[in-house]
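See structure below.
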Amino acid sequence: MKYRILQSLSNSNYRLFFIGQTISFTGNFIQMATLPWLVYRLTNSAMLLGLIGFLSQIFILLLSPFAGAVADHFDRKKLILFTQSSLMLLSFILAIITMIGKIQIWQIFILAVLMGIINSFDMPTRQSFVADMVGKKDLMNAIGLNALVLNGARMLGPAIAGILISAYGEGFCFLVNAVSYLAVLIAIVLVTPLWQNVDYIDETLAQKVFSGIDYILNSKKILMVIILLAVTGFTTGFLMILMPVFVKDIYHLNASGFGIFMASMGLGSLLGGITLASKKDISDIRKIIFYSAMAFGLLIIFFALTRIFGFAIFLLALIGYISFLQMGCTNTFIQHETTNEMRGRVMSFFVMAFMGFAPVGSLIGGFLTEKIGAAFTLALAGIFSFICALILWKKEIKYD
């Protein structure tokens, strides 16, 4: 079992990528945890929290189909180097204006938009690049190890952010993230992919976008799991943007408490990554996807309604575990079902479902919280998620 968990690391390309991602993702989650905290400190507005979440991710929804075509049209390695360098520059700018005390909410809005646009191209490219490095044989293991990196960072990053915010302020957290990009940039430079995406069909970018849409619409199994992931992503937007409200206004905790809440989700996701990396095959993967989605909705409802700190932390860990199982299994299933030539376009819809609908949830969640409160808003989101997952599961059974 130990060997199976680590087998992708025998690939020198993926080993470099793994080390670079470990450092960079930790910095990313330090910034992701710090930014909403800064916004809420500056404004004390749940609605503005929702707006920031919306602006930082809405372009993943709007641009992902085009971004996927770009990922299939251009050299993915060079494209990742460009997107990661751009994100590093924006993080440096955010760090500098925060550390000199000149940060204003409109500046955060502009930087959030720019980061959102770049991320919409970066994410499907990086997702596709994993298969370019390891091939389909070790793909599920590599995705599981990616999860260990991502969710280890999700667990560690917010906890570090809570400490750094208290000791040095938000600007220092943004600086740490900016510097962390150097690790992944160095790793990507050194990687030599096993498979190079090359255009075998003479299509324009616009034609590639429409051929990607047509491919997914005619792949019913892929379409179903993408819709389900979109529902979960939408609900996750509610949870993440309302986390500072729960921490400060319901549990009356400070930045360290916020780090604990976020880290508990990261711990659960980390365990989900271990589970996925340990799997031998994908025979039951679709069943796991649908069961996880239904459990996710129920857990969101329980978290919204409880007022017991320890139980809330336990629920967040379960939410992290379940949501990762759904996301990781969906990623694996889609990439196994997709040809190399279409991978960037199909994975752009995966990213759009997982990340692109979260800002819509963030915006609606921030607005509803101003009207009916955070707990009731989040409970409604959980109910919606569970009902949608149940309906889609019944359709899946009928389809089979």
Side-chain angles (χ1 to χ4, degrees), residues 17 54-87 90 113-136 139 142-143 146 184-185 188 191 193-230 233-234 327 330-360:
F17 189 70
F54 179 81
L55 290 174
S56 64
Q57 293 184 317
I58 188 58
F59 291 97
I60 295 173
L61 178 62
L62 299 177
L63 298 178
S64 279
F66 178 73
V70 169
D72 284 335
H73 190 77
F74 295 104
D75 186 308
R76 289 177 188 144
K77 176 177 175 176
K78 293 179 180 178
L79 190 56
I80 294 172
L81 288 172
F82 172 76
T83 56
Q84 291 287 296
S85 297
S86 301
L87 290 169
L90 293 175
V113 167
L114 293 174
M115 289 177 180
I117 291 172
I118 296 168
N119 270 318
S120 69
F121 288 87
D122 180 74
M123 290 181 180
T125 307
R126 277 193 294 116
Q127 292 288 339
S128 305
F129 195 63
V130 173
D132 293 348
M133 288 186 292
V134 303
K136 287 189 176 182
L139 181 60
I143 291 172
N146 265 8
V184 76
L185 286 170
I188 294 297
V191 161
L194 300 177
W195 186 86
Q196 180 67 50
N197 57 301
V198 178
D199 277 321
Y200 294 102
I201 301 175
D202 185 20
E203 290 181 319
T204 65
L205 281 174
Q207 289 172 329
K208 278 187 167 62
V209 171
F210 288 109
S211 64
I213 294 172
D214 185 65
Y215 183 88
I216 291 172
L217 291 178
N218 286 287
S219 305
K220 298 300 183 183
K221 292 181 179 180
I222 293 177
L223 180 62
M224 287 286 283
V225 297
I226 285 178
I227 293 173
L228 186 64
L229 190 63
F234 173 76
M327 184 274 290
T330 301
N331 188 332
T332 303
F333 176 74
I334 289 174
Q335 296 217 46
H336 269 273
E337 293 287 313
T338 304
T339 63
N340 288 332
E341 293 77 16
M342 295 297 299
R343 180 168 288 113
R345 279 162 282 184
V346 175
M347 290 311 297
S348 72
F349 282 90
F350 164 83
V351 172
M352 183 174 68
F354 181 56
M355 300 287 292
F357 287 91
V360 180

Ring pair (Phe, Tyr, Trp, His ring centres under 6.0 Å) filter on Phe234, not counting sequence neighbours, yields Phe238, Phe384

Atom [atom1] of [X] and atom [atom2] of [Y]: how far apart are they, to the nearest 0.5 Å?
X      : Y      : atom1 : atom2 : result
Asp75  : Phe82  : CG    : CZ    : 14.0 Å
Ile117 : Ser86  : CD1   : OG    : 11.5 Å
Phe333 : Ile226 : CZ    : CD1   : 10.0 Å
Ser85  : Leu90  : OG    : CG    : 11.0 Å

Residues Phe350, Ile222; criterion side-chain contact (heavy atoms from CB on, under 4.5 Å); working and verdict:
CA-CA 9 Å; Phe350 164 83; Ile222 293 177; over 6 Å; no

Residue set satisfying side-chain contact (heavy atoms from CB on, under 4.5 Å) with Thr125, at least two apart, ordered chain then number -> Ala71, Arg76, Leu79, Ile80

Could you tell me which non-hydrogen atom of [X] sits nearest to which non-hydrogen atom of [Y], and how far apart they are?
X      : Y      : result
Gln84  : Val184 : OE1-CG1, 3.1 Å
Val191 : Phe17  : CG2-N, 4.5 Å
Glu337 : Tyr215 : O-OH, 3.4 Å
Ala67  : Pro124 : CB-CG, 4.1 Å

Do the non-hydrogen side-chain atoms of Ile334 and Phe349 ever get within less than 4.5 Å of each other?
no

Considering residues at least two apart in sequence or located in another chain, which fulfil the side-chain hydrogen bond (donor to acceptor under 3.5 Å, both in side chains) criterion with Thr83?
Asp122

side-chain contact (heavy atoms from CB on, under 4.5 Å) between Val209 and Arg345, worked out:
CA-CA 7 Å; Val209 171; Arg345 279 162 282 184; over 6 Å; no

Take Ser120 and Leu62, measure what side-chain contact (heavy atoms from CB on, under 4.5 Å) needs, and give me the verdict at the end.
CA-CA 8 Å; Ser120 69; Leu62 299 177; over 6 Å; no

Step by step, work out the side-chain contact (heavy atoms from CB on, under 4.5 Å) result for Asn119 and Phe59.
CA-CA 8 Å; Asn119 270 318; Phe59 291 97; over 6 Å; no

